[in-house]
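Quick notes on the structure that follows.
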Amino acid sequence: MQILRHSEHTLKTALLSKNPVLVSEYEQLAAGEQRLMNEAFQPSSNLFGPITVHSRSDWISSHPEVPQDFEEFFSNPCRKEPSPEKHIIYIQPIGSLGNTRIISEEYMKWLKGYCEAYFYGLTVKFLEPVSVSATKCPFRVNEHTKNLQIHAGRILAFLKKKKPRDAFCIVGITMIDLYPRDSWNFVFGQASLTDGVGIFSFARYGKDFHNSKYEGQVKTAQRTSSNDYSIFDNYYSPEITSILLLRSCKTLTHEIGHIFGLRHCQWLACLMQGSNHLEESDRRPLNLCPICLRKLQYAIGFNIVERYKALVRWIDEDSSDASRAALKNSSDHVNLEKPVEAFKEWREWIARCIDVIEK
């Protein structure tokens, strides 16, 4: 295991910049916000730690990238910001997200609430789910897992055409595995900064992805005709557990972060680190490091402590009474309470951040 530890000077420069104008803007932030962000370059900080690389297969080892500090983010001519005319994050489900309608609807509500807290100040709306056939995307059988996959790039093109006029971005979510090109095994998600679109799969976050024998799985590793979408009928959807919800929230916010112009983080342990595999994705925290937090705050303009409190409310709030009533009147024998056990440690971390800001 390798620990990537930057000097205090390097981290401070990445956060504040060398540009006097940007330094001045930083110094105009509230004292509590500065106190929290300054934890980035405090060696004794228990809030923000260095990145750990566990193997050569980790993203940071296999995909060398130029680090993006705040000044580079600020100066990016391709970066887009929300505006009064384009301020809504639209989420487009592709295929079923749950084994029943009620589960699927609740799962969408949980993701919506989480995104509204994470990107505090913006509106999040779900569009009506569409079938895989509606996208007319190519698909294949993965030669390793023998599971179906849909083509991420063609989904992005489909979403670009569907993007509403008031959208800051539109992102697709699916329980079907993705591949970006024939030479790649799979991808968790893919996004386009310039077009404001993204597609993310939660398929590999289900505990039975690699060993389930479900209806819709194909046993031969041959390319399937992209005209026969009936193969996706009754396609398996994993159980919505606390771990799957956490992983889904993590991937969704990471990829939407790219649409805001945040590149992969190489400064500190951060949501915006890249990941090549599930183990690496699980090691990545839910939170943004101070450098990436400053980027997102600049793009949206939120108050940091209000954003943190919104995230705590999302973790603490129970399922609605309407949802429980729907459950009683249905034949779905499931528990619709939001499964947030996996978010417990993060809630405690947020509380410590709030203490730093408000002390």
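The six-membered or imidazole ring of Trp349 lies near that of Phe48, with a centre-to-centre distance under 6.0 Å. Ring to ring, Phe119 and Phe260 are close: their centroids are under 6.0 angstrom apart.
There is no side-chain donor-acceptor pair under 3.5 Å between Tyr120 and Asn303. Side chains of Trp314 and Glu116: no donor on one and acceptor on the other come within 3.5 Å. Side-chain contact annotation: Tyr107 with Ser248, donor-acceptor N/O pair under 3.5 Å present. A donor-acceptor contact closer than 3.5 angstrom links the side chains of Asn38 and Tyr26.
Comment: Arg347 engages Asp316 in a salt bridge, judged by a side-chain N to carboxylate O separation of less than 4.0 angstrom. Ionic pairing of Glu348 and Arg352 is not present here: no N-O contact between side-chain nitrogen and carboxylate oxygen is shorter than 4.0 angstrom. Using a cutoff of 4.0 Å between basic side-chain nitrogens and carboxylate oxygens, Lys109 and Glu106 are scored as salt-bridged.
Residues Pro67 and Arg263 come closest through the heavy atom pair O-NH2, 3.9 Å. Across all non-hydrogen atoms, the minimal contact from Cys249 to Phe343 is SG-CZ, 4.1 Å. Ile256 approaches Ile89 most closely through the heavy-atom pair CD1-CG2, 4.1 Å. Between Cys292 and Leu262, the shortest heavy-atom distance links the atoms O-CD2, 3.7 Å. Here the closest non-hydrogen pair linking Leu252 and Ile173 is CD1-CG2, 3.8 Å.
No more than 12 heavy atoms of other residues, nucleotides or ligands lie within 6.0 Å of NZ in Lys12, so this atom counts as exposed by the packing criterion. Shown here is Glu345, whose CD atom has no more than 12 heavy atoms of other residues, nucleotides or ligands within 6.0 Å. Within 6.0 Å of CZ on Arg35 lie more than 12 heavy atoms contributed by other residues, nucleotides or ligands.
A cation-pi arrangement is absent between Arg204 and Phe188 under the rule of less than 6.0 angstrom and at most 45 degrees off the ring axis.
Side-chain contact check for Thr241 versus Leu246: every heavy-atom pair is 4.5 Å or farther apart. The shortest side-chain heavy-atom distance between Phe200 and His254 does not fall under the 4.5 Å cut-off.
In this structure, the ring pair (Phe, Tyr, Trp, His ring centres under 6.0 Å) partners of His151, at least two apart in sequence or on a different chain, are Tyr179. With sequence neighbours excluded, the residues that form a side-chain contact (heavy atoms from CB on, under 4.5 Å) with Thr13 are His9, Lys18.
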